[in-house]
Amino acid sequence: MDYILYEQKNNYAIITINREKALNALNSQVLEELDATLDAVDLDVVRCLIITGAGEKSFVAGADIGEMSNLTKAEGEAFGKKGNDVFRKIETFPIPVIAAVNGFALGGGCELAMSCDIRICSDNAVFGQPEVGLGITPGFGGTQRLARIVGVGRAKQIIFTAKNVKVEDAYRIGLVNAVYTKEELMIKAEKIASGIAKNAPIAVRNCKKAINEGLDASMDEALVIEEKLFGDCFETADQKYGMEFFLDKNKDKVKEPFKNC
Ligand code: DAK
C-alpha cells in the first residue's frame, strides 16, 4: 500500500490516510487502497476502527482536484461511485468506526468523516464542503449525510456558501462530538475505541445495524428491526455471561472480556 497505513492494536485498529504531501487528498488509488484495507480487517479480532490522516495539518483535504479536473461526465460519475461505495462500506461496516479528524476535513474529507459512526477532532480541524466553488456538487454523499447529521437548513447553508466551518461551530451544530488538542486526539480516539471493544461485540454490532437501518425506515418498521436485532443477541455466550455476571452479585468477581461469537 502506498497511501494507507494499517495498525492493529489488540482488539481495535487504526487506518491512516497517508498522502501527507497532498494533505491526504483522495485520488483513485487512495480510495482503492482504503477499500482493500477495509476488506482485510480481521473482524474476528478487531472490534472498532479509527480513521485518521497522516501529519498534523490535515485529515483529508478533499477528493484530488488534479485528478478530477479533466474527467468526462461518465468518468465523474464513475469516480463518485467509487468514493460512494467505499464510504458506504464504512457506514455499514459491521463494527463501529471513529473519525479522528486531525486538521482539514474538506469536501471528500468531510464526507469521509461523516460516513464514520463517531467524529471527534483536534482544535485545528476545519470542516467544509467547498465543491460549489469548484463547479461541482459534493459527490461522496455530502449532500445526503450532512443534512442527516446537522439538519437540512444548516447543511444547505454550508453547501451553498462553500464556507469553511470552524471547529467551535462544527461542535455546536453536532458535526463533531468532541474537540481535543492535537496531542490528545489520538489518545482519546483510542480510549473510545478500546472502551467500545470491551463491550459485547454482537450487541455492539447489532446496535450499529439497528440505528443505521432504523433511520432509513418508518418508526413501525424500525421497531421491528430493533426487535429482531435484540432477539438475535439471546443465546449468545456474551448475553449469557453478561447477565449471569450481573445476577451473580459477587463483588469479588472480575468481569472477563467478552468473547467473539
Ligand atoms: N486535491 C489535490 N491536491 C490537494 C488538495 C486536493 N483536494 N488539497 C491540497 N492539495 C495539495 C496542494 O495542491 C499542495 O500540493 P503542492 O502544490 O505542494 O504539490 C499541497 O496539497 C499542500 O496544499 P497547500 O499548499 O494548498 O496548503 P495550504 O496550507 O496553503 O492550504 C488548504 C490548505 C486545504 C486550504 C488548500 O490546500 C485547499 O484549499 N485545498 C483544496 C480544498 C478543497 O477544495 N477540497 C475539496 C475538494 S473537492 C464527486 C465526487 C467527489 C467529489 C465531488 C463530486 N462526484 C463524482 C459527483 C468531491 C469533491 C471534493 O472533495
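All ligand and atom numbering here is 1-based and tracks the order in the structure. Keep in mind it's a predicted model, so treat the numbers as computed, not measured.
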For the residue pair F234 and F230, categorise the inter-ring angle as parallel (less than 30°), tilted (30 to 60°) or perpendicular (more than 60°).
->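 Answer is perpendicular, since the angle exceeds 60°.
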Measure the acute angle between the ring planes of F79 and F140, then classify it against the limits of 30° and 60° as parallel, tilted or perpendicular.
->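 It falls in the tilted class, 30° to 60°.
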Under the side chain to side chain donor-acceptor pair (under 3.5 Å) criterion, do Q239 and T236 qualify, and how do the steps go?
-> CA-CA 5 Å; Q239 174 264 327; T236 64; 5.0 Å; no
Could you please provide the protein residues found below 4.0 Å of ligand 1 on a heavy-atom basis, arranged by chain and number?
->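 The 4.0 Å shell around ligand 1 contains K21, A22, L23, A25, K57, A61, G62, A63, D64, I65, M68, G76, G80, F104, L106, G107, G108, P130, E131, L134, I136, T137, G139, F140.
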Compute whether any side-chain donor of one residue and acceptor of the other, for E33 and Q29, lie under 3.5 angstrom apart.
->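 Their side chains do contain a donor-acceptor pair, which is all the 3.5 Å distance test asks for.
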Centroid-centroid under 6.0 Å between F127 and F59 rings |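 So the answer is no for these two rings.
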Among pairs that include at least one residue of residues 124-136, which meet side-chain hydrogen bond (donor to acceptor under 3.5 Å, both in side chains), considering only residues two or more places apart or in two chains?
->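 Found E111-Q129, S122-N124, Q129-E131.
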